[in-house]
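What's counted below: heavy atoms across the whole structure, side chains too, no hydrogens, waters or symmetry copies. In this chain, residues are counted from 1 in sequence order.
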Amino acid sequence: MAAELARGDWRIFTGVMLATDRVQHMFWRFEDPLHPLYDAAAPARQRDAIRDVYRWMDGVIGDVRERFLDANTDLWVLSDHGFASFRTGVNVNTWLVDEGFLAYEEGVAREAGRLEDIARGMNPFAGVDWERTRAYSFGLGKIFLNRRGREPRGIIESPDEAERTMGAIEERLLALRDPATGGGPVVRAVYRGEKIYRGPHAAEGADIVIGFHDGYRVSWDTAAGRAPPGVLVPNTNKWSGDHCSVDPALVPGFLVTNRKLAAGDPSVIDVAPTVLASLGIEPPQEMEGRNLLAE
């Protein structure tokens with residue numbers, strides 16, 4: 001990166017540093033004594049891995065400031081998310097089965113599966129009885145209604161039925177408790193897709209997005225469209241920190257810049273229009289976000 005910066009033939013330079021993300025995914029278990037894989041006796045290079053990477057990143061940013069920054073150059077350092085411990089996987093499809101929203105054909109074995117199995121030709125919803133299914137989960141914390149006209153074998157047609165189904169799912173998700181923690185809540189918030197998605201393809205998005213409490217994340221089986229036995233499963237995978245499906249309020253990103261912001265409460269969608277404006281480029285009309293430097 002330093003060699004490219006030194007060329008000096010750029011007006012905007014972007015560097016994406018993945019190390020801080022990957023190290024937290026893999027080494028968070030050493031930060032959380034409650035994680036199933038926590039090991040207080042682990043070597044220091046494992047226990048201190050996250051801190052070491054952040055110290056290294058501090059050095060990278062310091063080098064950029066010292067060598068390449070002047071009064072006319074803006075510096076923005078940001079992350080689009082934070083991290084939380086991934087102690088327990090939540091099999092959302094299994095929960096939907098237990099609550100009567102998702103049904104399987106008689107005699108079908110509900111097996112486990114991972115995302116890579118789909119690339120190998122696995123049918124993620126093999127054996128689902130779509131004539132009796134009102135909702136299903138696919139991806140990272142998303143629940144879709146089995147809508148007529150959107151899903152190939154949809155059964156939910158009226159807005160009233162859709163509202164009743166979403167209301168019931170929301171109420172029961174918020175009531176989900178974990179016996180392993182003495183009955184603590186699993187879900188912190190439930191978001192309606194109609195309120196968070198915008199644009200010409202909004203109707204194709206999830207009807208419900210789950211925001212889990214710290215310690216919980218949608219299971220890999222759910223992401224692959226599976227519904228194995230058990231709703232709450234201890235995470236014994238080294239991928240022990242995450243942010244996907246954790247409630248956004250618990251894993252906020254950060255923003256540091258050498259420019260004083262005129263607008264408060266910045267969002268990641270404000271970065272692009274701010275950078276364009278600082279270059280004297282009018283943001284496209286369809287672009288969301290504000291210019292954070294505008295008075």
What heavy-atom pair brings N91 and S219 nearest, and what distance separates the two atoms? OD1-OG, 2.6 Å
Is there a side-chain contact between R192 and E170, using heavy atoms and a 4.5 Å cut-off? yes
For residues 258-284, which residue pairs pass the ring pair (Phe, Tyr, Trp, His ring centres under 6.0 Å) check, not counting sequence neighbours? none
ring-ring contact (aromatic ring centres under 6.0 Å, His included) involving F144 - partner list, sequence neighbours excluded: Y136
Is there a side-chain contact between R217 and W239 in this structure, where contact means two heavy atoms from C-beta onward sitting under 4.5 Å apart? yes
Are more than 12 heavy atoms, taken from residues, nucleotides or ligands other than E131, located less than 6.0 Å from that residue's CD atom? yes
N/O donor-acceptor pairs under 3.5 Å from side chains in residues 74-83, not counting sequence neighbours:
residue : atom : partner : partner atom : Å
D74     : OD1  : R259    : NE           : 2.3
D74     : OD1  : R259    : NH2          : 2.9
S79     : OG   : H81     : N            : 3.2
S79     : OG   : H81     : O            : 2.5
H81     : NE2  : D21     : OD1          : 3.3
H81     : NE2  : H243    : NE2          : 3.2

Y197: partners by ring-ring contact (aromatic ring centres under 6.0 Å, His included), with sequence neighbours left out: none
Do V209 and I196 have side-chain heavy atoms sitting under 4.5 Å apart? yes
Assess whether a salt bridge exists between R147 and D207, defined as any Lys/Arg side-chain N lying under 4.0 Å from an Asp/Glu carboxylate O. yes
Which pairs pass salt bridge (Lys or Arg N to Asp or Glu O under 4.0 Å) with one or both residues in residues 54-66, sequence neighbours excluded? D52-R55, D63-R67
What's the shortest heavy-atom distance between T133 and A103, and which atoms? OG1-N, 3.0 Å
Any side-chain heavy-atom pair of R290 and T274 under 4.5 Å: no
Is any NZ, NE, NH1 or NH2 atom of the basic residue among R47 and E31 found under 4.0 Å from an Asp or Glu carboxylate oxygen of the other? no
Answer yes or no: is there an ion pair linking R226 with D221, defined by an N-O contact shorter than 4.0 Å? no
Where do N93 and A227 come nearest, in terms of heavy atoms and distance? CB-CB, 3.7 Å
In the hydrophobic clustering (ILVMFWY, side-chain contacts below 4.5 Å, transitive), which residues join L18, or is it alone? V16
Go through the structure and list residues passing side chain to side chain donor-acceptor pair (under 3.5 Å) with R134, not counting sequence neighbours. none
Rounded to the nearest 0.5 Å, what separation is found between the CE atom of M287 and the CD atom of E282? 11.0 Å
Are T88 and V233 packed together at the side-chain level, in the sense that at least one heavy-atom pair is separated by less than 4.5 angstrom? no
Taken in chain and number order and not counting sequence neighbours, the residues that satisfy side chain to side chain donor-acceptor pair (under 3.5 Å) with E194 are none
For V251, the rest of its hydrophobic cluster, which grows through side-chain links under 4.5 angstrom: V246, L250
Within the 4.5 Å heavy-atom criterion, are V90 and F212 side-chain neighbours or not? yes
Test ring-ring contact (aromatic ring centres under 6.0 Å, His included) applied to F125 and F138, step by step: CA-CA 9 Å; F125 290 99; F138 190 65; 5.7 Å; yes
Around E116, counting heavy atoms of other residues, nucleotides and ligands shown, do more than 12 lie under 6.0 Å from its CD? yes
Sub-4.5 Å side-chain heavy-atom contact between L174 and R188: no
Heavy-atom side-chain proximity of W28 to D32 below 4.5 angstrom: yes
Would you mind listing every ring pair (Phe, Tyr, Trp, His ring centres under 6.0 Å) that reaches into residues 94-124, with sequence neighbours excluded? none
Determine, stepwise, if the pair S267 / D270 fulfils side chain to side chain donor-acceptor pair (under 3.5 Å). CA-CA 5 Å; S267 169; D270 298 325; 4.7 Å; no
Heavy atoms of H213 and P185 approach each other most closely as CD2-O, 3.5 Å
Residues that N291 engages under side chain to side chain donor-acceptor pair (under 3.5 Å), provided they are two or more places apart: none
Nonpolar side-chain network containing L37, other nodes, edges under 4.5 Å: none
Under-4.0 Å salt bridge between D178 and R87: no
